[in-house]
Amino acid sequence: MLRTLISPRLLGLHLLTIGVLIAFILLGRWQLGVFQDSGKSHVSADPGPVAVATLALTGSQLKGEAVGRQVVAEGVYDAGRQLLVVDRRADVDAPGGRVSRDHGFWVLTPIRLDDGTLVPVLRGWTARADDPAVAAVPRGRVTVAGRLRPQEGTDSVQGRAGSLPAGQVQTVSTGELVNLWSGQKVRTGFVVAQPPSGALAQVKVRAPEVGGTLTWRNLAYAANWWIFAGFAVFMWFHFVRDAVRSDRDRGKSPEMVLEG
């Protein structure tokens with residue numbers, strides 16, 4: 001049997017089968033990778049900036065396609081209504097609350113648009129509440145470019161126990177801002193300024209993203225390649241078994257016995 005398995009005609013079959021198996025397995029893994037990547041979020045088209053009032057409305061939620069869009073807010077900063085968002089990192093997607101305790105502050109200052117509505121603007125990040133850059137609110141008419149973000153839920157972070165000092169909040173919640181800025185019309189969401197205001201640090205914010213759509217046909221292709229690999233093993237076993245039986249039967253034939 002061993003002589004048959006290492007015979008030249010079967011050695012070629014062994015090598016061919018190994019090559020086919022490697023190729024089919026790799027092709028299957030490639031198709032599986034394509035399937036997995038198809039479900040990942042990816043950056044969508046990034047349209048040019050538009051006036052913030054066209055996307056951030058009053059009394060309604062921010063639409064999904066508006067999240068991350070480039071916007072421009074023109075008006076005057078209302079420095080008297082400025083707030084500090086506590087326990088924040090210089091990344092709009094980083095978790096706030098206890099996990100970021102004492103890591104810094106977002107500086108949130110509203111801009112009053114020409115129609116009298118307020119747009120919350122995240123001017124930047126600072127490590128200290130007494131940073132001189134916090135109080136250095138630009139005067140006069142300004143044009144602020146940035147990306148639009150949806151409001152945060154008041155329960156979206158695990159906040160500190162007890163009340164915060166005046167002028168500080170846990171989240172950027174439109175509902176809370178309406179109460180704090182009483183008598184004002186506040187547009188939903190907030191703008192992350194790019195570049196930041198003055199000496200404040202830039203808060204990282206991503207461009208719009210869309211969720212991926214799983215391409216199930218690639219998963220089917222991967223399964224097909226692995227089925228082909230299994231079929232190749234079956235055919236190899238079939239040919240090897242027949243060769244072994246053929247040589248065994250030839251060794252038992254009368255002619256071979258007489259020759260012996």
Side-chain angles (χ1 to χ4, degrees), residues 49 52-53 55-56 62 67-113 117-154 156-160 163-182 184-207:
V52 66
L55 298 177
L62 198 67
V67 176
R69 284 283 303 275
Q70 298 181 75
V71 294
V72 174
E74 296 186 27
V76 179
Y77 274 119
D78 191 339
R81 302 182 191 276
Q82 178 167 279
L83 298 167
L84 294 180
V85 187
V86 302
D87 303 330
R88 295 297 178 139
R89 302 172 190 264
D91 186 340
V92 77
D93 291 318
R98 294 179 183 176
V99 294
S100 297
R101 182 71 179 263
D102 298 328
H103 274 77
F105 304 84
W106 289 349
V107 181
L108 188 72
T109 314
I111 282 183
R112 188 175 298 279
L113 303 182
T117 59
L118 295 181
V119 175
V121 175
L122 204 168
R123 294 198 295 121
W125 177 89
T126 180
R128 306 186 340 266
D130 60 353
D131 186 341
V134 173
V137 181
R139 297 178 179 275
R141 189 173 182 83
V142 295
T143 299
V144 178
R147 291 193 182 274
L148 189 59
R149 294 290 300 180
Q151 69 160 327
E152 300 178 311
T154 53
S156 61
V157 300
Q158 291 184 332
R160 302 183 184 185
S163 59
L164 292 172
Q168 296 186 8
V169 292
Q170 298 275 6
T171 59
V172 186
S173 166
T174 303
E176 185 178 10
L177 295 178
V178 168
N179 293 327
L180 291 172
W181 301 335
S182 59
Q184 305 297 315
K185 289 185 177 180
V186 183
R187 293 184 177 272
T188 189
F190 62 100
V191 177
V192 181
Q194 291 184 312
S197 173
L200 295 173
Q202 175 69 64
V203 176
K204 181 181 177 182
V205 58
R206 293 183 296 179

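Nothing fancy with the numbering, it's 1 onward along the sequence.
- Considering all non-hydrogen atoms of both residues, Gln202 and Pro195 come closest at OE1-CA, 3.5 Å.
- Residues Arg147 and Gly68 come closest through the heavy atom pair NH1-O, 2.8 Å.
- The closest donor-acceptor contact from the side chain of Arg128 to the backbone of Phe105 lies at 3.5 Å or more, if one exists at all.
- The shortest non-hydrogen separation linking Thr174 to Gly189 is OG1-N, 3.4 Å.
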- Message: side-chain contact (heavy atoms from CB on, under 4.5 Å) for Val72 and Val52? Distances and angles first, verdict last.
- Response: CA-CA 5 Å; Val72 174; Val52 66; over 6 Å; no
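- Within the 3.5 Å criterion, the main-chain N or O of Ile111 finds no donor-acceptor partner in the side chain of Asp78.
- At least one side-chain heavy atom of Val172 sits less than 4.5 Å from a side-chain heavy atom of Leu108.
- A salt bridge does not link Asp91 with Arg206: every distance from a Lys NZ or Arg NE/NH1/NH2 to an Asp or Glu carboxylate oxygen is 4.0 Å or more.
- What you find for Leu55 and Val71 is that their closest heavy atoms are CD1-CG1, 3.9 Å.
- Contact of the Val67 side chain with the Arg149 side chain is registered, since non-hydrogen atoms from C-beta on lie closer than 4.5 Å.
- Using a distance-only test at 3.5 Å, with no hydrogens or angles considered, no donor-acceptor pair links the side chain of Gln70 to the main chain of Ala207.
- A donor-acceptor pair is defined here as one N or O able to donate and one able to accept, closer than 3.5 Å; no such pair exists between the side chain of Trp106 and the backbone of Arg88.
- The structure places CG of Leu118 at 8.0 Å from CG of Leu113, a figure rounded to the nearest 0.5 Å.
- Between Val169 and Val85 the shortest side-chain heavy-atom distance falls below 4.5 Å.
- Using a distance-only test at 3.5 Å, with no hydrogens or angles considered, a donor-acceptor pair links the side chain of Arg123 to the main chain of Val134.
- The two residues Val121 and Ala193 make their nearest non-hydrogen contact at CG1-CB, 4.2 Å.
- Taken from CG in Leu200 to CG in Leu122, the straight-line distance is 9.5 Å, to the nearest 0.5 Å.
- At least one donor-acceptor pair closer than 3.5 Å links the side chain of Ser100 to the backbone N or O of Pro95.
- Using a 4.5 Å heavy-atom cutoff, the side chains of Leu177 and Gln184 are not in contact.
- Trp181 and Pro120 get closest at one heavy-atom pair: CZ3-CG, 4.1 Å.
- Side-chain atoms of Glu152 never come within 3.5 Å of backbone atoms of Gln170 as a donor-acceptor pair (strictly under, hydrogens ignored).
- From Arg112, atom CZ reaches atom OG1 of Thr117 across 8.5 Å, with rounding to the nearest 0.5 Å.
- The shortest side-chain heavy-atom distance between Gln151 and Leu62 does not fall under the 4.5 Å cut-off.
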